[in-house]
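Please read the structure below before turning to the comments.
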Amino acid sequence: MYWSRLFIPTLRENPAEAEVVSHQLLLRAGYIRQLAAGIYNYLFLAQRSLLKIQRIVREEMDAMGAQEMYLPALNPAEVWQESGRWSVMGDNMFRLKDRFGRDLCLGMTHEEVMTGIARGELRSYKQLPQIWYQIQTKFRDEPRPKSGLLRVRQFIMKDSYSFDLTPEGLDAAYQKHHDAYCRIFDRCGLDYIAVEAHSGAMGGSQSHEFMVVSDAGEDFVAIGRKSGYRANLEKAVSRAKPPAAPDPEGDLHPEEFHTPGQKTIEDLVKFTGLPATSQMKSLVMVADGKPVLALLRGDHQLSETKFAGALGASDVRPAHPAEIVDWMGADAGSLGPVGISDKLRLIADSALQGRRNMICGANRNDYHLKNVTPGEDFQPEYLDLRQVEDGDGDPLDPEATLEVRKTVEIGHIFKLGYKYSESMGLRVLDEHGQEITPIMGSYGIGVERILTCAIELFHDKDGMALPVSIAPFTLVITPVNYADEQQKAAAHQLFDAAKAAGLDALLDDRDERPGVKFKDADLVGIPYRITVGKKLAQGIVEVVERRSRASRDIAIDDAVAWVSAAASGK
RNA sequence: CGGGGCGUGGCUCAGCCUGGCUAGAGCGCCUGGUUCGGGACCAGGAGGUCGGAGGUUCGAAUCCUCUCGCCCCGACCA
C-alpha cells in the first residue's frame with residue numbers, strides 16, 4: 001500500500017487525556033480515536049493489527065478442534081434470568097427495552113446463550129465433547145473506564161465453552177486451552193505468565209489467569225522467580241517476613257498502659273519504640289451479618305478475599321464505628337482480642353501463631369496492652385488471612401522470596417463445573433439411557449489487551465516496537481526523496497519484490513522530508529524499514545530493525561530476502 | 001457512588017484571579033517558492049457558537065447558578 005493514500009493520522013504531541021503509554025501511543029500513532037468514555041474507534045492501523053491477532057487466535061482454536069460460531073450481542077432478558085445472572089450482573093450490564101417494552105441486554109459474555117444452544121440440541125453422550133467459540137464484541141458498563149484500551153465498555157473477546165461428560169473430560173479441555181493460550185500468546189510475541197487465580201463469582205474449581213507484567217495493570221500477582229510460584233494476590237500465600245525485633249522472653253501477663261491519642265500502628269511504633277511486627281492489628285469485620293475480630297501482625301494487610309473464603313462468607317464488610325463501640329467497648333484505634341471472645345469470633349492470621357508478649361489495644365480508649373500472647377491470653381482460630389507482600393518468603397522455596405507485580409489480564413480459563421448446565425437444565429443421555437448433566441468450562445481472551453500489552457512491553461521514546469506477528473505492516477520502504485527518479489524507481493522495485501515475497505509492505509511515497517517519514521515509521525512501530533537514499537548509486541540500501549535500531553547496508557537485490565528471513569525468524 | 005482535575009481552531013496550550021478593542025501562540029492544514037538522511041525555511045491564507053443553558057452587568061472566555069462531557073485516585077471489576 002502507498003502511505004500517501006492511507007489514513008494514518010499521527011500526532012506530534014501527546015493528547016492530554018492519555019496517561020498510560022499504550023494509550024498515548026495508540027492515539028499518537030493514529031491507531032484509535034475515542035468516541036466516548038471507554039468506547040473507541042479502531043482506525044485502519046488498529047484494525048489491521050487486531051485482525052492479525054484474531055487470525056492467530058482463530059488458527060490456534062481451530063487447531064485444537066474448537067468450532068467457531070457467531071452469536072447475538074443483543075440478548076433477551078429471559079436467558080440471563082434463567083441462570084440468575086440478570087440480577088447478579090447489576091449495573092455492569094447494559095440493559096435496554098425494545099418497542100414493546102421487553103427487556104434486553106448487551107452480552108458481557110455468552111455462557112447462557114451457549115448453554116442454551118447446547119440444551120436445545122445436544123441429546124446424546126455420543127455428541128460430546130464439544131468446544132465452541134466466538135470472537136465477538138462484548139459490552140460491559142464499567143463504573144470507570146480507563147487507560148485507553150485496557151478497561152473499556154465495548155471490546156472484542158474470544159471466548160470458548162467446553163461441554164464434557166466427565167470431570168476428566170473437562171480436565172482435558174482445560175489443558176487444551178491452557179496449551180493453546182500459551183501458543184497464542186507466544187505467537188503474539190508477549191512475555192506472560194500463567195497464574196492460579198481466585199475463581200470469584202464464576203464459581204468452579206480451577207482457574208488460571210494469563211497475565212502480562214506491566215505498571216499499567218490493575219491486578220497484583222505474586223511471583224516466585226526460582227520456584228515458578230505464580231498466584232493472583234487474592235489467592236497467593238507466603239511465609240511472612242520474620243519479626244523485626246525478638247519477642248520479650250518470659251511468661252508475662254497482659255499489662256495495660258496509657259496511650260493518649262495513639263490510634264494507628266504507626267503511632268504505636270513511635271510511641272512504644274517497638275516495630276510494627278511487634279504490634280497486633282485488630283480489625284472488626286462483619287461476615288454474613290456476624291461480627292468477627294480479625295487479628296494480623298501490625299505490618300500486614302487483611303485480604304478480604306481470603307477472609308471471606310476462610311469463613312465461607314459471601315458478604316463481608318468492615319464494621320461501622322457504632323457497631324465497634326457496641327461490641328468492643330472502645331473505638332477503632334484501641335481494640336484488641338483480650339476478653340471479648342464471648343462477643344465476637346476471634347480469628348488470627350497464621351503469622352501470629354507462636355508469637356509472645358505483643359502489643360494490642362485494650363478495648364478502652366487511649367489504652368493498650370503489652371505482653372499479650374496469642375493462645376494464652378486469648379484463643380483464636382489460626383487461618384491464612386494476610387495479603388502477600390513483595391519480599392515475603394516463597395511458599396515453595398525456603399530460601400527464596402516472592403515479588404508482587406502489577407499485571408494486565410489477557411486471558412482467563414475456568415472450570416465452570418455444573419453451574420450453567422444445571423441451572424439451565426442441560427442434559428444428555430448416557431450409554432445406559434440415563435440423563436446426565438454435562439460439565440462445562442469457559443475460556444476468554446481479550447483481543448485488544450494483547451495489542452495494548454504488546455505496546456506496553458515493547459516501546460521506546462519514539463513509539464511502538466511491535467512484534468512482527470501483530471504489527472499492522474511488516475516492512476516500510478522509505479525513499480529519502482521520492483521526487484528523485486532513481487530513488488522512486490528503486491523503491492518501487494523493492495516494493496514489488498516485497499509483495500512477491502508475501503511481505504506485508506508499505507511504501508512511504510509521501511512528499512515529506514525524510515525526518516518526518518522516519519519519525520512516523522518509528523511511531524507506528526513497523527518492525528522493518530528499508531531506506532532508499534544516497535547509497536543507491538552504489539546499489540546499496542539500508543535495512544533498519546525497529547526493535548533493536550540495528551541498521552545495515554545491503555545490496556538492493558538482497559534487501560527483501562534479508563527482511564523476509566529476519567521477519568519469519570521472529 | 002465518594003474525592004480531585006480539566007473543557008478556548010485538528011493537536012498542545014496562554015488569556016480567566018483583577019470583566020472592556022477585530023480572542024492569541026506553537027504545531028498541523030491550504031497556496032506559491034526554496035529545500036530534501038531524523039518532525040525544514042520564506043511569503044500568503046483558511047479555520048474558533050471560548051462544552052451547553054440560564055443569570056449578573058452598559059459590556060462575559062473571564063463573575064454566579066445549574067448542567068453535560070472527559071481524565072485521574074478510591075470503591076467496583078464473569
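A, B, ... follow the sequence lines: proteins, then strands. Residue 1 opens every chain.
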- A/Asn14 or A/Asp520: which one's nearest nucleotide on RNA chain B is closer to the 5' end? A/Asn14
- Of A/Met108 and A/Ala37, the one whose closest nucleotide on RNA chain B sits nearer the 5' end is A/Ala37
In this structure, how many angstroms lie between the [atom2] atom of [N] and the [atom1] atom of [X], rounded?
X        : N     : atom1 : atom2 : result
A/Ile540 : B/G37 : CD1   : P     : 18 Å
A/Leu27  : B/C11 : CG    : P     : 11 Å
A/Phe220 : B/C76 : CZ    : P     : 14 Å
A/Lys519 : B/C27 : NZ    : P     : 17 Å
A/Glu304 : B/C77 : CD    : C1'   : 15 Å
A/Lys461 : B/G38 : NZ    : C1'   : 9 Å
A/Phe7   : B/G28 : CZ    : P     : 18 Å
A/Leu536 : B/C36 : CG    : P     : 17 Å

- Positive for ring-ring contact (aromatic ring centres under 6.0 Å, His included) with A/Trp132, one of A/Tyr443, A/Tyr161, A/Tyr70, A/Phe163: A/Phe163
Base partner of [N], which must satisfy Watson-Crick or wobble distances under 3.5 Å:
N     : answer
B/G69 : B/C6
B/G74 : B/C1
B/U18 : none
B/G28 : none
B/C63 : B/G55
B/C41 : B/G33

- Query: Within the pair A/Gln487 and B/C36, is there a side-chain N or O less than 4.0 Å away from OP1 or OP2?
  - Reply: no
- Under 4.0 Å between a side-chain N/O of A/Arg12 and OP1 or OP2 of B/C27, yes or no? no
Touch check for [X], heavy atoms < 4.0 angstrom, all strands: base, sugar-phosphate only, or nothing?
X        : value
A/Arg529 : base
A/Met93  : nothing
A/Arg28  : base
A/Glu17  : sugar-phosphate

- Could you check A/Asp520 against A/Thr10 for side-chain hydrogen bond (donor to acceptor under 3.5 Å, both in side chains), going step by step and ending with a plain yes or no? CA-CA 7 Å; A/Asp520 272 346; A/Thr10 58; 3.0 Å; yes
- Item | Distance flag, aromatic centroids of A/His178 and A/His208, threshold under 6.0 Å | yes
- Message: Are A/Phe495 and A/Tyr2, when compared by the centres of their aromatic rings, separated by less than 6.0 Å?
- Response: yes
If every non-hydrogen atom of [X] is compared with every non-hydrogen atom of [Y], which pair is closest and at what distance?
X        : Y        : answer
A/Pro527 : A/Thr474 : CD-O, 3.5 Å
A/Leu150 : A/Arg449 : O-NH2, 2.8 Å
A/Ile530 : A/Ala559 : CD1-CB, 3.9 Å

- Item | Separation of the C1' atoms in B/G45 and B/C58, to the nearest angstrom | 37 Å
- Message: I'd like the P distance from B/G3 over to B/C16, given in whole Å.
- Response: 29 Å
- Note on the structure: Per the under-4.0 Å heavy-atom filter, residues of residues 508-515 of chain A near RNA chain B come out as A/Arg513, A/Pro514, A/Gly515
- Quick one, which residues of residues 143-151 of chain A touch RNA chain B with a heavy atom under 4.0 Å? A/Pro143, A/Arg144, A/Pro145, A/Lys146, A/Ser147, A/Arg151
State which of [options] makes the closest approach to the side chain of [X].
X        : options             : answer
A/Ala16  : B/G38, B/C13, B/C71 : B/C13
A/Ala36  : B/C72, B/G37, B/C70 : B/C70
A/Arg140 : B/G39, B/C70, B/C77 : B/C77

- Give the C-alpha distance, both sets of side-chain angles, the deciding distance and a yes or no for side-chain hydrogen bond (donor to acceptor under 3.5 Å, both in side chains) between A/Arg48 and A/Tyr31. CA-CA 9 Å; A/Arg48 253 183 110 79; A/Tyr31 278 58; over 6 Å; no
- Verify, without hydrogens or angle tests, whether A/Arg230 (side chain) and A/Val195 (backbone) share a donor-acceptor contact under 3.5 angstrom. no
- Would you find a donor on one side and an acceptor on the other, under 3.5 Å apart, between the side chain of A/His459 and the backbone of A/Ile455? yes
- Item | Axial cation check for A/Phe94 ring with A/Arg140, 6.0 Å and 45° limits | no
- Looking only at N and O atoms, is any donor in the side chain of A/Asp462 or the base of B/G38 less than 3.5 Å from an acceptor on the other one? no
- Message: Any donor-acceptor pair, under 3.5 Å, between the side chain of A/Glu13 and the base of B/G26, if you only look at N and O atoms?
- Response: yes
- Item | Parallel, tilted or perpendicular: ring planes of A/Tyr192 versus A/Phe210, cut at 30 and 60 degrees | tilted
